[in-house]
S.K.: 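The structure follows.
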Number of protein chains: 2
Amino acid sequence: MSNQEIGFGDRCDPVPLARPALTADEAAALAAGFKAVADPTRLRLLSLIAAHAGGEVCVCDLTSGFDLSGPTISHHLKVLREAGLITGDRRGTWIYYRIVPSALATLAQVLAPAADLEVSA
Amino acid sequence: MSNQEIGFGDRCDPVPLARPALTADEAAALAAGFKAVADPTRLRLLSLIAAHAGGEVCVCDLTSGFDLSGPTISHHLKVLREAGLITGDRRGTWIYYRIVPSALATLAQVLAPAADLEVSA
DNA sequence: CGGCTGTTTCGACAGCTGTAAAGATAGGCG
DNA sequence: CGCCTATCTTTACAGCTGTCGAAACAGCCG
């Protein structure tokens, strides 16, 4: 269980937010992805993992930066994992987490069109 | 009360998700924005409003596309309004809602860097 | 085996989602 | 002018989901 279980990207439909309105099915899939990001702790976890770029970040490096207990961090990592936003590889005693760029790209590309409606300044 | 009450964009810091890790304060502000989008109904509402591009969408046009009651739609619109993602202008009996592109852009730009770590295809 | 790392299970608490009923605002008609 | 209708919002309340921590469990190394 070191790979993502599910993924809203499975629909293979990079439908933008504007122009063709989202169907209820597409909205549900995307909402699941956004829901995983809609939490300060998970957003910060994602940020810490992404900041390493190379990717491999040990969980022990993550827990030290929060005021939360170990199990709670593990829970949030599981949510991100099941959303397909990160993957965890076990290397001996430690487990290293990595970002899944395509999943993040899908979410970003959904918001981008609506953000570019008439903004310029 | 026809304008957005608050906005995570108030921080005026378009901090990307990668490189400089998010602080707890930035993460909390951004999470509030994502939380407003992390719902199938709100995502679809946002999509319907954005699809009109011109912007002005009457609430009566929105409720007809859902299996939800009026008050529920109004509640979700309020959430989006308080998140600063949309604005509502009253024109007589009807209220027309409009997208706030800059708010959507802020969210999209947060995910973009992490999505562009090594993805290319 | 003993210690370490990370996860899972279980329970409590807070917050969110949805509906019904009542309240505010604008326009039409007798 | 008074009252009604229509649109949208707010309030109050049931049901559900999500967040968090203490304790217990699983994988790895010396």
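The sequence lines fix the lettering, A, B, ..., with proteins before strands; numbering per chain opens at 1.
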S.K.: Provide, to the nearest angstrom, the distance between the CH2 atom belonging to W94(B) and the C1' atom belonging to dA24(C).
M.R.: 17 Å
S.K.: Roughly, in whole Å, what's the span from CD1 in I73(B) to P in dT19(C)?
M.R.: 9 Å
S.K.: Determine whether L77(A) and L62(A) make a side-chain contact, defined as any pair of heavy atoms from C-beta on separated by less than 4.5 Å.
M.R.: yes
S.K.: Which distance, rounded to the nearest 0.5 Å, do you find between the CG of D61(B) and the CD of E56(B)?
M.R.: 11.5 Å
S.K.: CD of E82(A) versus P of dT19(D): gap in Å, rounded?
M.R.: 12 Å
S.K.: Ignoring hydrogens and geometry, is there a side-chain-to-backbone donor-acceptor pair from R44(A) to A21(B) under 3.5 Å?
M.R.: no
S.K.: Using the rule that two of Ile, Leu, Val, Met, Phe, Trp, Tyr join whenever any of their side-chain heavy atoms come within less than 4.5 Å, decide whether L22(A) and L48(B) are in one cluster.
M.R.: yes
S.K.: Assign a letter to each nucleotide of nucleotides 20-30 of chain D from its 5' end: B, base within under 4.0 Å of a protein heavy atom; S, sugar-phosphate only; -, no contact.
M.R.: SBBB---SSS-
S.K.: Using whole Å, report how far CG of D89(B) lies from C1' of dT9(D).
M.R.: 16 Å
S.K.: Please confirm whether the shortest side-chain N or O distance from Y96(B) to OP1 or OP2 of dT7(D) is below 4.0 Å.
M.R.: no
S.K.: Any base atoms under 4.0 Å from F66(B), or only sugar-phosphate, or nothing? Heavy atoms, all strands.
M.R.: nothing
S.K.: Has the side chain of R90(B) got a donor or acceptor atom that lies under 3.5 Å from a matching backbone atom of G92(B)?
M.R.: yes
S.K.: Looking at side-chain heavy atoms only, is the closest gap between L45(A) and I86(A) below 4.5 Å?
M.R.: no
S.K.: Please compare C60(B) and K35(A) by the position of their nearest nucleotide in DNA chain D and report the one closer to 5'.
M.R.: C60(B)
S.K.: Using whole Å, report how far CZ of R81(A) lies from C1' of dT8(C).
M.R.: 11 Å
S.K.: Quickly work out the K78(A) NZ to dG18(D) C1' distance and round it to whole Å.
M.R.: 14 Å
